[in-house]
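Step one of this worksheet: look at the structure below.
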Amino acid sequence: MSKLEMLEQKANESVREYAYRVIFENIMSLHLVPGTAISEKEISDRLSISRTPVREAFIRLAQAGLLEILPQRGTYISKIDTAQITEFRFLRVTLERAVMELACRSFPEAHLKSLKVCLEGQEQVLQKFDASRFYELDNEMHYIIFSGCDKPSIWQLLQNANINYIRARVLNVSAAQTEMQLLYE
């Protein structure tokens with residue numbers, strides 16, 4: 001469990017929400033690697049909270065497909081389902097094509113300016129080999145495009161629909177960062 005990245009508890013954030021957010025963010029950023037065992041006790045000790053909010057977070061994460069709870073054997077970070085990724089990629093590419101067609105027909109000036117700033121930011125973080133920030137800006141770029149086409153709910157639906165695809169994207173961005181660093185050493 002040594003890879004658990006600690007996060008500050010937000011103002012007005014319940015202990016239950018805090019536990020969920022810490023575990024969720026660590027799974028999504030791959031600080032907690034797929035297939036790794038995870039323990040309620042270890043998490044509650046690291047976060048200095050009782051086991052009840054951690055148990056509730058585990059249940060929510062299992063329902064989202066991020067944890068696999070095996071009675072009498074333990075709890076594990078779910079592995080990434082590659083078949084599901086292939087299906088979801090088809091959905092995402094299809095929707096993104098349609099949204100890009102809309103954007104090419106009509107795109108608000110304010111969104112265009114935001115998009116330009118975002119792309120410039122992506123260029124800057126690429127030079128710094130900051131995969132995590134690049135991933136954030138990439139998501140922001142997509143959100144700007146979907147929003148500019150009056151489709152922000154569809155982008156949110158895509159973000160919530162397939163956790164495996166998002167984890168695979170994080171893995172790809174991290175691998176690319178490592179390759180780029182090796183090239184420039």
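Position 1 is the first residue of the sequence; numbering continues from there. What you see below is based on every heavy atom in this structure, not just the backbone, and it leaves out hydrogens, waters and symmetry mates.
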Set of side-chain hydrogen bond (donor to acceptor under 3.5 Å, both in side chains) partners for E87, sequence neighbours left out
none
Can you get from [X] to [Y] by hopping between Ile, Leu, Val, Met, Phe, Trp and Tyr side chains that sit under 4.5 Å apart?
X	Y	answer
F146	V93	no
L102	I145	no
L126	V117	no
F24	L7	yes
Y135	L30	yes

Give a yes or no on whether [X] atom [atom1] has more than 12 heavy-atom contacts from other residues, nucleotides or ligands under 6.0 Å away.
X	atom1	answer
E123	CD	no
Y143	OH	no
E8	CD	no

Side-chain donor/acceptor of Q124 to backbone N/O of K128, under 3.5 Å:
no
Quick one: are [X] and [Y] in side-chain contact, heavy atoms under 4.5 Å?
X	Y	value
W155	V99	no
I38	I23	yes
R46	V22	no
R16	T52	no
I77	L66	no
R60	E17	yes

Find the distance between [atom1] ([X]) and [atom2] ([Y]) and round it off to the nearest 0.5 Å.
X	Y	atom1	atom2	result
L32	S78	CG	OG	12.0 Å
M141	L115	CE	CG	7.0 Å
K41	S39	NZ	OG	7.5 Å
I43	N26	CD1	CG	7.5 Å
E56	S14	CD	OG	8.5 Å
I154	Q159	CD1	CD	13.0 Å

So I85 and R167, side chain to side chain contact (heavy atoms under 4.5 Å, CB included) or not? Walk me through it.
CA-CA 10 Å; I85 291 169; R167 290 196 295 166; over 6 Å; no
Closest contact, heavy atoms only, [X] versus [Y]:
X	Y	answer
C118	L137	SG-O, 3.1 Å
S147	P152	OG-CB, 3.6 Å
G148	P108	O-CD, 3.2 Å
P53	A19	O-CB, 4.0 Å

Indicate the ring-plane relationship of H111 and F107, choosing parallel, tilted or perpendicular according to the 30° and 60° boundaries.
perpendicular
Contacts of type salt bridge (charged side-chain N to carboxylate O under 4.0 Å, His left out), residue R51, not counting sequence neighbours
E40
With side chain to side chain donor-acceptor pair (under 3.5 Å) as the rule and sequence neighbours excluded, what pairs involving residues 88-100 come up?
R92-E96, R92-H142, E96-H142
